[in-house]
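Structure first, commentary second.
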Amino acid sequence: MSSSAELPPSRLDTGFKRLSKTANHSLLWFVVAAVLATAKGPSRRGALRGLAAIAGASAGANLVGKSLFPRRRPAADLLAVPRRLAKRPTSSSFPSGHSASAAAFATAVAMESPKAGAVVAPIAAAVAYSRVHTGVHWPTDVAAGAAVGVGAALLTRRWWPLGMHEPASAYEHADLTSLQDGDGLVVVVNPQSGLGPDPTPQIVEEWPKAQIASVEELDSLPDAKALGVAGGDGTVAAVAAIAAERDLPMVLIPSGTLNHFARDVGITGLHDTAQAVADGVGVRVDLAKVNEQWFVNTASLGGYPDMVRIREKLERRWGKWPAAGIALFRVLQRAKPLHMTIDGDRQLVWFLFVGNGPYRPKGFAPTMRPRLDDGLLDVRYVRADRPFSRTRFFIGALFGALERSRTYKHLEVASLNVEVHGAPISIATDGEVRGRSTHFAFRSRAAALGIYRP
């Protein structure tokens with residue numbers, strides 16, 4: 001602090017004062033996060049992870065650290081008046097909350113996007129140093145705050161694992177039918193899926209010999225060599241079911257709002273599949289069935305369908321993880337437990353989730369699949385027969401400790417039989433609510449579907 005106080009006056013004094021004030025209440029980082037969020041992909045994920053890290057760092061530094069380690073701030077008269085902040089903080093000096101938030105945000109952003117992190121890091125370092133330069137913190141306060149921030153950012157990985165951005169592993173399959181100019185390809189287009197323009201003109205331009213049809217018309221086209229689909233996961237599931245039944249390869253053109261299946265397969269747009277269709281290369285992936293209904297992503301009983309719908313509705317405004325927390329809280333508030341027998345074991349549960357392939361993370365909001373080639377179902381359910389089970393589950397989910405919770409069960413099996421005791425209930429598959437029943441037989445179908453993929 002003494003060496004900093006002895007620095008001669010300069011134009012930097014005003015700049016550091018403004019920078020320090022801009023970082024009050026993390027306002028600076030909210031603005032940076034908003035800028036990063038305008039770009040999809042790693043930058044947006046980094047912004048959301050950064051805000052989550054700030055929440056943890058701010059609580060750790062300001063609520064815990066300052067209460068446990070009271071320390072007087074440097075005397076104001078150690079600095080020349082032009083360098084002093086007009087409004088000096090009165091809380092404990094140790095640790096620096098500004099430094100904690102800055103380090104948390106920069107570290108979290110870098111975890112998702114090293115390029116964005118390289119831009120944010122110097123700003124974060126300048127904010128941290130500004131607290132010493134303006135005389136409101138000792139250097140050790142800043143160092144401790146930065147350590148708290150880095151720790152908070154790393155801790156987010158416990159309940160929000162770093163995304164797996166590579167395509168899910170699949171069965172190698174390099175001899176799909178080659179379709180020059182789309183000859184023999186029948187494409188189902190759902191123009192109502194998603195928020196973008198109708199993809200039909202692009203499809204016709206890429207494959208001039210392809211036929212455009214509805215799902216209902218596919219049965220009248222027995223000579224099709226491959227089935228294509230442009231739409232969201234519900235439309236994809238409908239076409240995938242027909243393709244699997246007829247053992248036809250599928251051309252996947254994601255044009256829905258979320259495109260979970262396409263993302264896991266590794267298809268981001270028409271350009272990903274165009275060359276693969278011409279060359280006849282691709283992979284095979286697992287599908288799953290419940291009774292006679294095929295599904296590509298998930299099936300669920302109880303309150304889980306409501307949670308997914310609420311989460312997706314809030315996701316664009318709040319981000320994936322905050323939206324998932326809000327949705328979980330709302331559903332658990334009004335959920336009614338279900339009496340059911342799961343593979344011969346009588347249970348009382350709040351909801352049950354079954355995924356086509358093992359999902360990650362293992363907590364309450366599974367969002368990605370590293371594998372689509374192991375012939376397993378991902379089964380998760382929340383028990384309702386434990387005292388305060390909803391509260392215990394919510395707390396466990398919040399702190400990433402569900403693997404130690406007795407209210408939460410997670411299995412990976414090839415098949416599952418569920419008997420519901422009482423009135424028939426609906427099941428949701430791939431975001432669509434299906435018919436009611438009291439018996440649900442889930443099966444994984446290994447390598448059931450061929451998909452063109454580069």
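Small disclaimer: the values here were computed from a predicted structure and weren't measured.
- Checked against salt bridge (charged side-chain N to carboxylate O under 4.0 Å, His left out), E205 has no partners two or more places apart in sequence or in another chain.
- The side-chain contact (heavy atoms from CB on, under 4.5 Å) test with F261 is passed by exactly one of I267, D430, V285: V285.
- Under the rule for a side-chain hydrogen bond (donor to acceptor under 3.5 Å, both in side chains), T273 has no partner lying at least two apart in sequence or in another chain.
- Legend: residues meeting side-chain contact (heavy atoms from CB on, under 4.5 Å) with E432, ordered by chain and number and at least two apart, are R434.
- Using a 4.5 Å cut-off on side-chain heavy atoms (C-beta onward), Q347 and R383 make contact.
- The shortest distance between side-chain heavy atoms of L270 and E206 falls below 4.5 Å.
- Every residue two or more places apart in sequence or in another chain that forms a side-chain contact (heavy atoms from CB on, under 4.5 Å) with D181 is listed here: P208, K209.
- I253 places a side-chain heavy atom less than 4.5 Å from the side chain of V251.
- Residues satisfying the salt bridge (charged side-chain N to carboxylate O under 4.0 Å, His left out) test with E412, not counting sequence neighbours, are R360.
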Could you pull out all donor-acceptor pairs under 3.5 Å where a side-chain atom in residues 51-63 meets a protein atom, sequence neighbours excluded?
{"residue": "S58", "atom": "OG", "partner": "N62", "partner atom": "ND2", "Å": "3.2"}
{"residue": "N62", "atom": "ND2", "partner": "S58", "partner atom": "O", "Å": "3.3"}

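- Aromatic ring centres of Y381 and F353 lie farther apart than the 6.0 Å criterion allows.
- Residues that satisfy the side-chain hydrogen bond (donor to acceptor under 3.5 Å, both in side chains) test with D223, not counting sequence neighbours, are absent from this structure.
- In this structure W207 satisfies the ring-ring contact (aromatic ring centres under 6.0 Å, His included) test with no other residue, sequence neighbours excluded.
- Remark: H339 engages no residue in a side-chain hydrogen bond (donor to acceptor under 3.5 Å, both in side chains) (not counting sequence neighbours).
- Scanning for salt bridge (charged side-chain N to carboxylate O under 4.0 Å, His left out) contacts around D183 gives an empty result, with sequence neighbours left out.
- With hydrogens and angles left out, the side-chain atoms of S444 and D286 include no donor and acceptor closer than 3.5 Å.
- In terms of the salt bridge (charged side-chain N to carboxylate O under 4.0 Å, His left out) criterion, R453 has no residue partners (sequence neighbours excluded).
- Using modelled atom types and a 3.5 Å distance limit, the side chains of R263 and T268 yield no donor-acceptor pair.
- Side-chain atoms of L301 and F351, non-hydrogen and from C-beta on, never get closer than 4.5 Å to each other.
- Shown here are the side-chain hydrogen bond (donor to acceptor under 3.5 Å, both in side chains) partners of N24, two or more places apart in sequence or in another chain: H98.
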